[in-house]
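The next block holds one structure in the form of C-alpha cells; read it before the comments.
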Amino acid sequence: MGSDPTGAVSRMFGVYDEATGLALRGTFIISPDGKIFNAEVNFYNLGRSIEEILRKVKANVYLAEHGDEACPVNWKRSGDLTLKPSAKLVGKVYEATHKK
Amino acid sequence: MNEQCCCLSVGSTVPDFKVETYEPARGGFGEFSLGSLKKKKRWGVLFFYPADFTFV
C-alpha cells in the first residue's frame with residue numbers, strides 16, 4: 001500500500017480532487033515499459049469491478065504477446081476469439097466475431 | 001472539477017515516481033518506484049482510493 005501525502009502522484013494521474021483533498025477511484029494499467037494502457041476513474045460512490053480490471057490486465061498481457069491481434073468487444077479470456085486487423089476484415093467484423 | 005490538461009493519459013509514458021509503502025507481508029515500511037516495476041518487467045495496476053473505511 002503506497003502513500004501519497006502531498007497528492008503529487010494523484011495529481012500526476014489526474015485523480016486528485018482539489019475540492020475535497022481526496023483521490024477519486026482511479027485505476028491505471030501500466031505496461032512493463034511504463035506506458036499507460038488503460039485508465040478508469042469513478043466518482044466516490046461507485047466501486048470498481050475487479051473482474052473487469054483483471055480482464056483488462058489479461059487482455060493487455062495477451063496482446064503484448066500477439067502484436068498483430070486485437071481483442072473484440074466482450075473478449076474475456078485467453079482462448080476467446082481475437083481479430084487480426086487487416087483490409088480484408090473491413091466491414092466484416094460482425095461475421096468474423098459471430099462464426100459458428 | 002478537474003481538467004485533463006497537464007496530467008497523464010492513456011498512451012503516455014509515466015515518469016519515474018516513488019512512494020513510501022507499508023508491506024503487510026513483511027510487517028514494515030518499504031518503497032515502491034515505477035523504475036523497480038520496469039526492472040522486473042511486470043505489468044502494474046495503480047489503484048487510487050479516497051480514504052480508508054468509506055462505505056464502498
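Owing to the predicted nature of the structure, the values given are computational and were not obtained by experimental measurement. Order of the sequence lines sets the chain letters (A, B, ...), proteins ahead of strands, with each chain counted from 1.
Of the listed residues (A:A39, A:A64, A:S10), the one with the most heavy-atom contacts under 4.5 Å to chain B is A:S10. Chain B forms more heavy-atom pairs under 4.5 Å with one residue of A:T20, A:N45, A:V9 than with any other, namely A:V9. Ranked by heavy-atom pairs shorter than 4.5 Å toward chain A, the options B:D16, B:T13, B:V56, B:V19 are led by B:V56. No other option in A:N38, A:V41, A:N60 has as many heavy-atom pairs under 4.5 Å with chain B as A:N60. Looking only at heavy-atom pairs under 4.5 Å with chain B, the residue among A:A8, A:G21, A:G26 that has the most is A:G26. Of the residues considered (A:N42, A:T27, A:L46, A:V57), A:T27 shows the highest number of contacts with chain B, using heavy-atom pairs under 4.5 Å.
Nearest heavy-atom pair, B:V45 versus A:I29, reported as atom, atom and distance to 0.1 Å: CG2-CG1, 4.4 Å. Across all non-hydrogen atoms, the minimal contact from A:R11 to B:C7 is O-CB, 3.5 Å. Nearest heavy-atom pair, A:I30 versus B:L34, reported as atom, atom and distance to 0.1 Å: CG2-CD1, 4.2 Å. Here the closest heavy-atom approach between residue B:K38 and residue A:D33 is recorded as CE-O, 3.5 Å.
In this pair, A:F13 and B:F48 present their aromatic rings tilted. The plane angle is within the 30 to 60° band.
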request  = Take A:V61 and B:W43, measure what side chain to side chain contact (heavy atoms under 4.5 Å, CB included) needs, and give me the verdict at the end.
outcome  = CA-CA 8 Å; A:V61 171; B:W43 284 82; 3.7 Å; yes
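Residue A:E95 qualifies as enclosed at atom CD: its count of foreign heavy atoms under 6.0 Å is above 12.
Two residues are said to be in side-chain contact when any heavy atoms from C-beta on lie closer than 4.5 Å; A:I53 and B:F47 meet this criterion.
The contact between A:I50 and chain B is made entirely by side chain atoms (from C-beta outward), counting heavy-atom distances below 4.5 Å. Proximity to chain A (any heavy atom under 4.5 Å) is shown, for B:Y49, by both the backbone and the side chain.
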